[in-house]
Amino acid sequence: MSEFDLIAKINAQTAALTLARADVVLGIGDDCALLAPPAGMHLALSTDTLVSGVHFFPDANPIDLGHKALAVNLSDLAAMGAKPLWASLNLTLPQADPEFVEQFISGFSALAHQHGIALIGGDTTRGPLNIAVTVIGSVAPGTALRRDGARVGELIFVSGALGGAACAVQRRLAGMPEIAAISARLDRPQPRTALGLALVGKSRCAIDISDGLLAELGHICRASHVGVRIDSTQIPIHRALEGLPEALSLALSGGDDYELCFTAPAQQQAEILALSASLGVDLRVIGEVITGSEVQLLGRSGEQLRVSQTGYQHFADERKT
Ligand code: ADP
Ligand code: MG
């Protein structure tokens, strides 16, 4: 099958998504796509690449891969409070494998359909398996949820339950049996699009925590010139990790959880927590924004735990050594 046949197949499989959007003047098939941006809005653009053996297991199911390639990008739009509009897809494949592409696109388009995003173009080349997706969304000027938007005194919230995806990676690497609930967290993450959109006007600062909660909080601290104080007893740990000695560490520092961490003034707390029921997503207050420049983590009796990019440990333990 030629490159052109593959592109024709991708086009046929995703045409319904494009037809559903009047703002796609011209989709797949010409030298460029032509798009009609929503009047008066800012465009939010983000791209993420998945490399075989680095970001996914080489034997990953192509339907899951198609889902995840789009999901990780939609998560970035959600973390900005942007509404998904259009996506492009750069596929580098070892060989023109129509079955792989068909399954990949079915995973991709099912999620695209749920979030109303159209596939408007891309590129198809031969080489080691590599998938790069670019997404474009819209956000009203001045309302985006930015990393530099946190203010001292605000509360810090996190969505969902953490640590599941990192635990699933550990188990898979160790050849342990899969636990469906956490394998799904890793293979089919659900981007928090609706939450991101609902937070516009309530929050000014959000980040998706794909690289681990503590590391992402560090990004907020640096960008906003603030510190954060996190209560480790309030971290929502995925239920499947109950009883695991490393559960808290996985929840704080494990990656691949496509949840949102965001800040908001305390007077928004009730309204924000009410989103939990209306959107069907758990929301938890885990700490507050303070003056300073670093991530502070408090233990069970209010003692300060030592924080590093890779984990945490008690000060007490450190003094013993
Ligand atoms: P060009 O030679 O002008 O770069 P291509 O043959 O690469 O054109 O692409 C032809 C059309 O198919 C373009 O509209 C391009 O955006 C689209 N396209 C190519 N690869 C993909 C893909 N993997 N997914 C979606 N659209 C694609
Ligand atoms: Mg091309």
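Atoms within each ligand, like the ligands themselves, are counted from 1 in listed order. Values below: every heavy atom of this structure, side chains too, minus hydrogens, waters and symmetry copies.
- Remark: of the listed residues D76, N73, T134, T134 is the sole one forming a side chain to side chain donor-acceptor pair (under 3.5 Å) with T47.
- Contact annotation: for D123 versus ligand 1, heavy atoms closer than 4.0 Å belong to both the backbone and the side chain.
- The D31 neighbourhood of ligand 1 comprises atoms 3 (O), with distances under 4.0 Å to a heavy atom of that residue.
- The pair D187-R172 meets the salt-bridge criterion, with a side-chain N (NZ, NE, NH1 or NH2) lying under 4.0 Å from an Asp/Glu carboxylate O.
- At a heavy-atom distance under 4.0 Å, no atom of T14 approaches ligand 1.
- The shortest N/O to N/O separation between L91 and ligand 1 does not fall below 3.5 Å.
- For the residue pair T124 / E3, no side-chain donor-acceptor distance below 3.5 Å is found, with atom types taken as modelled.
- Heavy-atom proximity to F4, at under 4.0 Å, picks out these atoms of ligand 1: 6 (O).
- Within ligand 1, the atoms closer than 4.0 Å to a non-hydrogen atom of I28 are 12 (O), 14 (O), 17 (C), 25 (C), 26 (N), numbered from 1 in the order shown.
- Taking any N or O of I120, backbone or side chain, none lies under 3.5 Å from an N or O belonging to ligand 1.
- Using a cut-off of 4.0 Å between Lys/Arg side-chain N and Asp/Glu carboxylate O, E259 and R185 are scored as salt-bridged.
- Where the criterion is an N or O separation shorter than 3.5 Å, residue side chain and backbone included, L89 meets it with respect to ligand 1.
- Counting heavy atoms under 4.0 Å from ligand 1, residue T124 touches it through both backbone and side chain.
- Checked by atom type, the side-chain pair T125/T92 shows a donor-acceptor distance below 3.5 Å.
- Note: L155 CG to I286 CD1 = 10.5 Å, rounded to the nearest 0.5 Å.
- Applying the salt bridge (charged side-chain N to carboxylate O under 4.0 Å, His left out) rule to R146 yields the partners D148; only residues at least two apart in sequence or on another chain are considered.
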